[in-house]
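Notes follow once the structure below has been shown.
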Amino acid sequence: MENKNRNKITINIGPVHPSTHGVLKFVVEIDQDTIKKVEPEIGFVHRGVEKMAEMKYFNSFMPIADKLDYISALNWEVLYATTVENALGITVPPRAIYIRTLMCEMQRMMSHLLFLAHMGEDLGNTTLFMWGFRERELLMDLTEEVSGGRLAPMYVSIGGLYYDLPEGFSERLLSTLNIIESKVKNEYKALSYENGLFKMRMVGVGVISKEQIVKYGITGPNIRASGVKRDIRKDDPYLAYDKVDFDVMTETAGDCYARFMVRVNEILESIKIIRQIIKDIPSGEVKVKVPWIFKIPPKYTFVRQETPRGEAAMYMVTNGDQKPYRLKIRAPSFYTIQAVKELFVGSKVADLVAILGSLDPVPGEIDR
Amino acid sequence: MIYDFFYDFLAAHFSPLLSTIGSWLIVFIIGGLITLNVPIFLGWVDRKLSGRIQARYGPVYTGPFGLLQNVADVIKLMGKRFLTNQVIDPLIYNIVPIAIALLGFFMVFIIPWGNANLVLLYVPFNLLFIYIALAVSPLLVLLAGWGENNKYAMLGGFRGAAQITTYELSLLIVFISVALLSGSYDITTIAAAQSSVWYVLYLPITLVVFGISSLAVIERGPFDIPEATQELQAGWKIEYSGIRYGLFFIAEYVRLLVISMLIVYLFFGGGNGLFLPNYLWFWIKTSIVTIFMMSLRWVFNRPRIDQLINIGFNWLLPLAVVNLLIVGAVMFF
């Protein structure tokens, strides 16, 4: 009985698995611990968000925008609010713009800290996991102080923000930033990016080429690790990003380690941005009055912004009604996850976890 | 020798047959109690230590300093319903945890506990017997992976067998070099031979080889690749639950302790030290070594299986062999 496929095993990784970062599933065909074929299965948390948007008033969609990507809720809140504001043709007061930039960068740090934590967890280092959550918790507390919410803050409203910053917030934020900066630069260095075993697992694994970037439409830190200097914050500045001085962090290797380093550097870059914003934040109102239910004349609106996972965009078609006619959401993780079909093949099962972790997908955003 | 002590004590009052049976019983009970309590205590140390490293408390509520947490866990594991998949191989499935726990018990039985007289049963060449107890595990891991009839378990079993067989070789060569230097396979004799100079000064590289290989052989993190929670959920242990799963903890912590004790015996002079009594020195050294070996898990991440095997065959095995040759040459001339 000669069977050519007798060495092949098909295993299901997910949907409930410690390192799929939510409910993702991969049907993996392996031959002695080496992956031969991968089929990603998505859609386990599909909620029909785009349809939901068509059925709700413009204001009522905000909590759902929060839960698209539950790791970077504020970025999506800002994106949706900006889309509606652009369609409505209102300008937001400058203080609100600055605070939105501040919150976006805080959210980016939180998201990247969670990424570092999960990267440690995926490689079997639970200490990095706990430490990442420890530092993220400091920022979570500040978010709670500002908005009352932690994971889904509901802070951004159409026309500005719901509340102004509390008193003494900037001092507390600055001291928190100092803590995080020193931890990322020293403790994390010893545990992760200068650690021999960590580098052994990460360097040269899961290289994304420039052809793959074009083919699958990957964006965000994942392509900056491959040497593509593309960041909407710099290329097409929105909010207050043209008024602050920061660099777009790039690496050249394109492997897991480069993707890790890009995020580590982006945390430090975000700290830099927040410090500048706190220095030049103007005073004044934080919102313009917008009624709860309003109509938007027939219009096409397209807004794109940089979330921690890449370029997120919303394309809204309005027809003069109180609800949008169509809302198309471009979720960056959805495009990134398509590349795993090529990235996983030929690597070990252990590398699957490392590569998937380094791509930083969020199923809530992929499935929408 | 505790067995002889009890035998002499009983032989004064009873017939030789009764004394033999009685002393065996007593020794078995003592050994069993030690075997059960090692994982309970060391598990607590492990939890507390990892808690401190990871900026959390570890167990606090159950008993003073959370000392009884693992006792509570044992009770919980014993009370669990037996649950597994439908098509296991019952014989293999049930025999593996018992065999693994018995190997731990066997090691507890023959290793000296800090003193030449503090050994439950003296057997000559006890270093080799301990090596055998360590070296049998790839067979059991492979059997468990096969008997559970689960793809993850089988992958874990294969990984475990590959990893352990790789590192056993360097472990054996380390034992041979130490035995060559001291002229004996008896642990207490080796320790006694280091009364002037500890072997760590003669064989520092061998110590490193031994540390890495032993961690790989007992599948303790960072080399817990066969279990690999993040890739294979629990690897070859995946279908085990309840007390069968609890038995693996006996093996894990007893072997960790035995490895630490061996490091002290073979490289740090056993109980040799100034001022304090022998067994106290031994336990001070063992505690330090155990905590060091434990904390490695919380600092490093897991390497990949092919990387680990490459390290084993390309670096540790040649290093161990070169060391052995050097020791042999020095002893010859």
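Order of the sequence lines sets the chain letters (A, B, ...), proteins ahead of strands, with each chain counted from 1. For the numbers below, each heavy atom of this structure counts, side chains included, while hydrogens, waters and symmetry mates do not.
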Checklist entry - Any side-chain heavy atom of Ile30(A) within less than 4.5 Å of one from Lys151(B)? => result no
Item to check | Distance (rounded to the nearest 0.5 Å) between Leu197(A) CG and Arg304(B) CZ | outcome: 12.0 Å
Next on the checklist: What residues of residues 55-63 of chain B make heavy-atom contacts with chain A at a cutoff under 4.5 angstrom?
Outcome noted: Ala55(B), Arg56(B)
Item to check | Engaged part of Phe300(B) at the chain A interface, taking heavy atoms whose separation is under 4.5 Å | outcome: both
Checklist entry - When rounded to the nearest 0.5 angstrom, what distance separates CG in Asn310(B) from CE in Met200(A)? => result 9.0 Å
Next on the checklist: When you compare the side chain of Val353(A) with that of Arg302(B), does any pair of heavy atoms fall below 4.5 Å?
Outcome noted: no
Checklist entry - Is any side-chain heavy atom of Trp298(B) less than 4.5 Å from a side-chain heavy atom of Leu191(A)? => result no
Item to check | Proximity breakdown for Ile53(B) and chain A, heavy-atom pairs closer than 4.5 Å | outcome: both
Checklist outcome for this item: If one checks every heavy atom of Leu308(B) against chain A at 4.5 Å, the contacting part turns out to be neither
Item to check | Crowding at CG, Leu317(B) (>12 non-hydrogen neighbours, <6.0 Å) | outcome: yes
Item to check | Pairing residues for Arg150(A) by the side chain to side chain donor-acceptor pair (under 3.5 Å) criterion, not counting sequence neighbours | outcome: Glu137(A), Asp141(A)
Item to check | Region of Val28(A) in contact with chain B, defined by heavy-atom distances below 4.5 Å | outcome: neither
Item to check | Atom of Arg159(B), atom of Val349(A) and distance for their closest heavy-atom approach | outcome: NH2-CB, 3.8 Å
Item to check | Beyond-backbone contact of Met202(A) with Asn301(B), side-chain heavy atoms, under 4.5 angstrom | outcome: no
Checklist entry - What residue in Asp351(A), Leu352(A), Ile13(A) has the most heavy-atom pairs under 4.5 Å with chain B? => result Asp351(A)
Checklist entry - Considering residues, nucleotides and ligands other than Leu174(A), do more than 12 of their heavy atoms fall under 6.0 Å from its CG? => result yes
